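Contents: one structure, followed by commentary.
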Amino acid sequence: MDTVILSDSEADLLKAAELIKNGSIVGIPTETVYGLGADAANENAVRGIFAAKGRPADNPLIVHLADFSQAVEYTSEIPELAWKLAEKFCPGPLTMVLPKNNRIPMVTSGGLDTVGIRVPSHTVMHRIIELSGCPIAAPSANTSGYPSPTTAQHVFRDMNGRIAAVVDGGQSQFGVESTVISFDGKDAVRILRPGAVTREMLLEVCGSVVIDPAILHEVEAGAKVSSPGMKYKHYSPKADIIMVEGSIGAFTELIGRSGGDSVYSLIFDGDEEVFPYRHLTYGSDSAEQAHLLFQKLRELDELGAEKVYVRAPSPEGMGLAVYNRLIRAAGFEVIRV
Ligand code: AMP
Ligand code: MG
């Protein structure tokens, strides 16, 4: 199969929607990262997504809808708090885990009786959902374990020959996947994966917002997790990633001691003025760092980096999402200097 690159013209979006209606898989831009989209209600199409990514069958797919009101068609119960959150954050980078009904097959939900529902704000993704008339299951469009794609070219590199098409909608705005939450009670939610909708933002609507411990700490083998994605090594380039917490001064000393031929550093914008070793930079605040992180991890592989020391942002606000992706990319290898 040759993977076709489509533009974001209405004619090409119609082609993408037709492919999805007919059971094919299409790479689609969203405001978070690029997704691999297929009809969430078509079991064979969904099996194709797992096969194209090499994704473990128990890692559930998020289902994307054009409007949150359509969630009643695919779930058995929607708490009052979910409607309130939808009013504020849909469309946008928030996924709500809700009890599913039988219109969502078990393959889509990774065998769980819940389903993650999201309403994307990206006009291309939104239009493709509308034109196809399907609920669209769409995990990140990377090979399982590798950094998520934030451009159509990233998707093409990972998926050429495995999917029907990829729609080029430019670079993803946020650069990290959606915030995933579950409901813990009438007024309480739990963050299962941090994203651009932060704890502080959720607290404007919810009485309590708990951060699941698995976001910052390694899950023990065999332990029960609230979100299957927490069990797997993720977001990781070929290079060995080491996360470093501390000032740029201490970071520079560390690299002075441990630098070698294929060692690179990934530092903040501005650090380069005092940092004399080989490096890339990834922005100056956590929104920029989220936007650039996956792209830079892919670039480091292209440069032939074997070992990369990365300056970690503090895990607050949107920094929590960046910190969470980095600590997983590093396989929980953290140095504090
Ligand atoms: P991705 O498809 O790559 O964006 O990953 C989606 C992640 O969302 C999964 O790895 C899960 O951790 C989480 N997720 C999706 N659906 C559910 C669900 N029903 N319950 C808990 N977590 C979910
Ligand atoms: Mg993913």
Side-chain angles (χ1 to χ4, degrees), residues 33 142 145-150 154 171-172 174-177 191 193-196 198-200 211-220 230 232-337:
V33 299
N142 51 297
Y146 204 61
S148 301
T150 54
H154 293 162
Q171 192 166 12
S172 299
F174 293 116
V176 289
E177 304 83 347
I191 300 182
R193 178 176 72 185
T198 61
R199 173 166 194 267
E200 293 71 22
I211 293 175
D212 196 283
I215 284 175
L216 294 173
H217 305 282
E218 192 164 14
V219 176
E220 275 172 45
M230 290 167 168
Y232 297 107
K233 182 156 186 188
H234 254 137
Y235 320 119
S236 192
K238 289 189 205 102
D240 184 20
I241 301 293
I242 299 144
M243 185 165 148
V244 183
E245 291 184 353
S247 68
I248 183 60
F251 183 93
T252 308
E253 273 174 34
L254 173 77
I255 305 307
R257 290 195 302 272
S258 22
D261 270 354
S262 40
V263 172
Y264 281 75
S265 297
L266 186 57
I267 55 179
F268 302 153
D269 277 7
D271 289 350
E272 70 275 12
E273 285 166 26
V274 295
F275 186 77
Y277 306 108
R278 193 163 42 183
H279 65 270
L280 297 181
T281 62
Y282 78 121
S284 53
D285 62 37
S286 47
E288 265 174 32
Q289 286 154 11
H291 178 68
L292 292 171
L293 177 67
F294 289 142
Q295 180 191 322
K296 296 296 175 177
L297 291 179
R298 282 174 178 258
E299 276 177 41
L300 285 158
D301 270 356
E302 279 161 26
L303 289 168
E306 284 176 13
K307 206 172 200 184
V308 181
Y309 291 87
V310 187
R311 273 202 84 193
S314 75
E316 282 138 36
M318 184 119 179
L320 182 65
V322 180
Y323 191 100
N324 165 265
R325 301 320 187 269
L326 261 179
I327 203 169
R328 286 189 148 64
F332 292 89
E333 192 175 351
V334 185
I335 298 178
R336 294 184 178 87
V337 288

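What you see is a predicted model; the values in this text were computed from it and never measured.
Considering OH of Tyr277 and CZ of Phe251, their distance stands at 11.0 Å, rounded to 0.5 Å. A distance of 8.5 Å separates OH in Tyr146 from NE2 in His154, rounded to the nearest 0.5 Å. Atom CD in Gln171 sits 7.0 Å away from atom CG in Leu292 (nearest 0.5 Å). Rounded to the nearest 0.5 Å, atoms CZ (Arg257) and CG (Leu254) are 5.5 Å apart. Distance CG/Leu297 to OG1/Thr150: 10.0 Å, rounded to 0.5 Å. Atom CD of Glu306 is separated from atom CG of Asp240 by 9.5 Å, given to the nearest 0.5 angstrom.
Judged as a side chain to side chain contact (heavy atoms under 4.5 Å, CB included), and not counting sequence neighbours, the contacts of Glu272 are Ile267, His279, Thr281.
In this structure, Ser286 contributes its side chain and Gln289 its backbone to no donor-acceptor pair below 3.5 Å. For the pair Tyr282 (side chain) and Arg311 (backbone), a donor-acceptor distance under 3.5 Å is present. Side-chain atoms of Arg298 come within 3.5 Å of backbone atoms of Pro147 as a donor-acceptor pair (strictly under, hydrogens ignored). Side-chain N or O atoms of His217 include none that pairs as donor or acceptor with a backbone N or O of Pro213 at under 3.5 Å. Proximity of a side-chain donor or acceptor of Asp301 to a complementary backbone N or O of Lys238 within less than 3.5 Å is detected. Asn142 contributes no side-chain N or O that, together with a main-chain N or O of Ser148, makes up a donor-acceptor pair within less than 3.5 Å. When atom types are taken as modelled, the side chain of Asp212 and the backbone of Ile215 share no donor-acceptor pair closer than 3.5 angstrom.
Smallest separation of non-hydrogen atoms from Gly304 and Ser262: O-CB, 4.1 Å. For the residue pair Pro149 and Ser172, the shortest heavy atom distance occurs at O-OG, 4.4 Å. Nearest heavy-atom pair, Val219 versus Ala214, reported as atom, atom and distance to 0.1 Å: CG2-CB, 3.6 Å. Annotation for Ser236 and Ala329: closest pair OG-O, 3.2 Å, computed over non-hydrogen atoms. Closest non-hydrogen pair, Ala239 versus Ala305, comes out as CB-O, 3.3 Å.
Between Glu177 and Arg325 there is a salt bridge, with a side-chain nitrogen of the basic residue lying less than 4.0 Å from a carboxylate oxygen of the acidic one.
When side chains are defined from C-beta on, Val308 does not count as touching Ile242, because their heavy atoms never get closer than 4.5 Å. Side chains of Pro276 and Thr252 form a contact here, defined as non-hydrogen atoms less than 4.5 Å apart. Looking at Leu320 and Thr198, their side chains never come closer than 4.5 Å, going by heavy atoms from C-beta outward. Side-chain atoms of Leu326 and Leu293, non-hydrogen and from C-beta on, do get closer than 4.5 Å to each other. Using a 4.5 Å heavy-atom cutoff, the side chains of Ile335 and Met243 are not in contact. For the pair Val337 and Val244, the minimum side-chain heavy-atom distance is below 4.5 Å. Counting heavy atoms from C-beta on, the side chains of Ile211 and Arg199 come closer than 4.5 Å.
Other residues, nucleotides and ligands contribute only 12 or fewer heavy atoms inside 6.0 Å of the CD atom of Glu220.
Residue pairs meeting the ring-ring contact (aromatic ring centres under 6.0 Å, His included) criterion with at least one partner in residues 285-337, sequence neighbours excluded, are Tyr235-Phe294. Sorted by first then second residue, the side-chain hydrogen bond (donor to acceptor under 3.5 Å, both in side chains) pairs that include residues 326-337, not counting sequence neighbours, are Glu245-Arg336.
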